[in-house]
Amino acid sequence: MPDKVGFTKAWRREITSDIWKMPPLYQRVWYYLRQVAAWEPKIFPTRTRYGIHLNRGQIITSLGNIAEKVS
């Protein structure tokens, strides 16, 4: 994954949310997903001629991919 420059919003009320009360691994997964989500509409390429349209804030991933990136 190429290095990306920019920022994401982190709401102050996040520290009073349910994710904050969970173990640190959950917070790490949440942070990872927030960082890699699409920041602008884009087309996710597929093997067929059709791509998958992603809106802002969406991501296509798998549990295996998340585990690899977060571990």
Side-chain angles (χ1 to χ4, degrees):
M1 174 186 297
D3 291 335
K4 301 206 177 190
V5 178
F7 65 95
T8 59
K9 285 185 178 181
W11 298 98
R12 290 192 172 136
R13 70 182 109 165
E14 198 170 296
I15 60 173
T16 60
S17 69
D18 290 337
I19 195 77
W20 194 259
K21 298 171 188 171
M22 293 181 168
L25 181 60
Y26 288 83
Q27 296 168 18
R28 188 174 170 125
V29 168
W30 170 247
Y31 183 79
Y32 167 74
L33 293 173
R34 190 172 63 201
Q35 295 301 315
V36 298
W39 60 276
E40 65 181 352
K42 68 179 184 176
I43 302 295
F44 182 83
T46 62
R47 291 183 208 155
T48 65
R49 64 182 184 152
Y50 303 106
I52 300 172
H53 179 74
L54 293 177
N55 292 318
R56 291 180 64 189
Q58 292 182 321
I59 182 174
I60 295 179
T61 190
S62 67
L63 291 175
N65 190 18
I66 294 170
E68 178 185 322
K69 300 292 185 181
V70 172
S71 64

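These numbers come from a predicted model, not from an experiment. Basis for what follows: all heavy atoms, side chains included, without hydrogens, waters or symmetry-related copies.
Pairs passing the salt bridge (charged side-chain N to carboxylate O under 4.0 Å, His left out) check and including a residue from residues 23-32, sequence neighbours excluded, do not occur. Residue pairs meeting the side-chain hydrogen bond (donor to acceptor under 3.5 Å, both in side chains) criterion with at least one member in residues 49-63, sequence neighbours excluded: His53-Asn55, Thr61-Asn65.
Between the CH2 atom of Trp39 and the OG1 atom of Thr8 there is a distance of 13.0 Å, given to the nearest 0.5 Å. For the atom pair Gln27 CD and Ile15 CD1, the distance stands at 11.0 Å (nearest 0.5 Å). To the nearest 0.5 Å, atoms CD1 (Ile59) and CD1 (Ile66) are separated by 6.5 Å.
As a member of the Ile/Leu/Val/Met/Phe/Trp/Tyr network built from side-chain separations under 4.5 Å, Ile43 groups with nothing else and remains a singleton. Members clustered with Leu54: Phe44, Ile52, Ile60, by chain and number, using a 4.5 Å side-chain heavy-atom cutoff among hydrophobic residues.
In this structure, Thr16 has no side-chain hydrogen bond (donor to acceptor under 3.5 Å, both in side chains) partners at least two apart in sequence or on a different chain. For Ser17, there are no side-chain hydrogen bond (donor to acceptor under 3.5 Å, both in side chains) partners, not counting sequence neighbours.
Side-chain atoms of Arg34 and Glu14, non-hydrogen and from C-beta on, do get closer than 4.5 Å to each other.
Note on Val70: it clusters hydrophobically with Val36, by side-chain heavy-atom contacts below 4.5 Å among ILVMFWY residues.
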Donor-acceptor list for residues 18-26 side chains, cut-off 3.5 Å, not counting sequence neighbours:
none

